[in-house]
Amino acid sequence: MARRLRFALIAIVIVVLSPPILALIWLTVKLKLSAARWLAVFYHRFFCRVLNVRVEVIGEVDERRPLLLVANHVSWLDIPVIGTIAPLTFIAKKEVGTWPVIGQLASLQRTIYLDRERRTTTLASATEIAGRLAGGDPAMLFAEGTSSDGNRVLPFKSAIVGAAEALAEGSDQEVWLQPMAIAYTRLNGMPMGRQHRPVVAWYGTTDLVPHLIGVFMAGPVDVEVVFGEPIQVATVGGRKEATRLARAEVRRMLGEALTGRRPDPADTVVEVVPRKVA
């Protein structure tokens, strides 16, 4: 009964409050106001607070530009989780644009959609990504190309990283690739464990709507977002080596987060969403 009541309350809040917030973001985008990017961050924080998703950030988005962030991918929930941190341009598969609420917000954030089945479309997207990077926008890429069970990191695809390489070759700019790990660590305050991670991990043939409902009913979820040291693409020998190094770093950071081994105390820890249970 309590789980159903939780789901009903979350659904009501999102259905009632999301439309006016998204409409405001749409208006600021149309008017080309800088506030649009931070309004999107506000909505992601609102969304995570309503779901009681508690985000802990270790490290930070590097200040150097052009910057391409590369991360593992676990769930549709990754998008609002990452969106709480800073204004970003997402690079996502075209299906994301059809998702309820998340897809609408992604489009308002000028998300670059990829059709991975069509090579010509991927090449065109790489050109668009290079343009965004050159303009100073940090871009966020789920480098596996699909989502996993949250316990491992699948092979990274280097094709889109080629956009950063092309930008570096076509200008005097130093392009940076920053690894980022997303780790879902606790459910209802208890360590999640491998067997419970599918509660939030959305992968394989799992239908979206039932998974959404399951997350809505699950209870408080804790997630760590860990940033690694940026990699200079040109210095390490190009996109393939940069992608390999980035994946190795994401695997290391994910392993530490899932096993509870804390990073060095000197690292910056920022609480984006309060950890107090609602």
Side-chain angles (χ1 to χ4, degrees), residues 57-75 78-79 81-82 85 88-93 112 114-117 119 121-130 132-134 137-184 197 201 203 224-259 261 263-264 267:
V57 181
I58 301 172
E60 60 185 359
V61 178
D62 196 80
E63 294 182 354
R64 285 168 287 193
R65 300 291 184 272
L67 180 69
L68 179 64
L69 298 163
V70 289
N72 60 309
H73 191 17
V74 183
S75 173
D78 297 347
I79 294 175
V81 164
I82 296 169
I85 299 171
L88 298 167
T89 292
F90 283 96
I91 304 167
K93 58 185 180 181
I112 301 170
L114 302 178
D115 185 349
R116 298 183 185 275
E117 296 180 359
R119 182 171 178 81
T121 303
T122 301
L123 292 173
S125 298
T127 302
E128 184 178 0
I129 293 166
R132 296 281 184 88
L133 291 172
D137 285 349
M140 171 70 235
L141 171 68
F142 296 116
E144 295 161 302
T146 187
S147 53
S148 74
D149 60 8
N151 296 308
R152 57 193 174 131
V153 179
L154 301 176
F156 279 10
K157 300 181 184 300
S158 64
I160 297 303
V161 179
E165 184 180 44
L167 178 59
E169 292 175 350
S171 69
D172 295 330
Q173 292 179 295
E174 298 179 344
V175 180
W176 301 90
L177 196 69
Q178 185 171 19
M180 184 175 76
I182 305 166
Y184 292 87
R197 205 154 284 118
Y203 63 104
E224 291 185 11
V225 179
V226 189
F227 290 95
E229 286 297 316
I231 300 165
Q232 191 173 349
V233 177
T235 301
V236 299
R239 65 180 174 90
K240 290 188 177 181
E241 180 62 11
T243 303
R244 185 190 69 79
L245 292 172
R247 179 176 183 261
E249 182 66 359
V250 171
R251 289 184 65 190
R252 182 190 67 79
M253 295 187 297
L254 179 67
E256 289 183 352
L258 295 183
T259 57
R261 296 199 302 269
D264 189 283
D267 289 343

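With contacts defined as side-chain heavy-atom distances shorter than 4.5 Å, the pair Tyr203/Thr146 does not qualify. Contact of the Ile79 side chain with the Phe142 side chain is registered, since non-hydrogen atoms from C-beta on lie closer than 4.5 Å. Within the 4.5 Å cutoff, the side chain of Asn72 has no heavy atoms near those of the Ser148 side chain. Using a 4.5 Å heavy-atom cutoff, the side chains of Glu249 and Ile231 are not in contact. Contact of the Val153 side chain with the Glu144 side chain is registered, since non-hydrogen atoms from C-beta on lie closer than 4.5 Å. When side chains are defined from C-beta on, Glu256 does not count as touching Val226, because their heavy atoms never get closer than 4.5 Å. Proximity of Phe90 to Asp78: side-chain heavy atoms (C-beta onward) are nowhere separated by under 4.5 Å.
For the pair Gln178 (side chain) and Glu60 (backbone), a donor-acceptor distance under 3.5 Å is present.
In plain terms, the two heavy atoms of Ala71 and Ile182 that are nearest each other are CB-CD1, 4.2 Å. Closest approach of Val250 and Ala181 over heavy atoms only: O-CB, 3.9 Å. For the residue pair Ala183 and Ala257, the shortest heavy atom distance occurs at CB-CB, 3.5 Å. Closest approach of Ser75 and Ser147 over heavy atoms only: N-CB, 4.5 Å. In terms of heavy atoms, Leu254 sits closest to Asn151 at CD2-C, 4.4 Å. The heavy-atom pair separating Arg152 from Leu154 by the smallest distance is NH1-CD2, 3.6 Å.
In this structure, the separation between CD1 on Ile58 and CE on Met180 is 12.5 Å, given to the nearest 0.5 Å. Expressed to the nearest 0.5 Å, how far CD1 of Ile112 lies from CD1 of Ile91 amounts to 5.0 Å. Atoms NZ and OG, on Lys240 and Ser158 in that order, are 6.0 Å from each other to the nearest 0.5 Å.
Atom CD of Glu229 is surrounded by 12 or fewer heavy atoms from other residues, nucleotides or ligands within 6.0 Å. Heavy atoms from other residues, nucleotides or ligands lying under 6.0 Å from CZ of Arg251 number 12 at most.
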Q: Under the side-chain contact (heavy atoms from CB on, under 4.5 Å) rule, what do Arg197 and Leu258 come out as? Steps first, then yes or no, please.
A: CA-CA 10 Å; Arg197 205 154 284 118; Leu258 295 183; 3.7 Å; yes

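Shown are Leu69, Asp62, Val70, Val236; of these, the side-chain contact (heavy atoms from CB on, under 4.5 Å) with Leu177 is made only by Val70.
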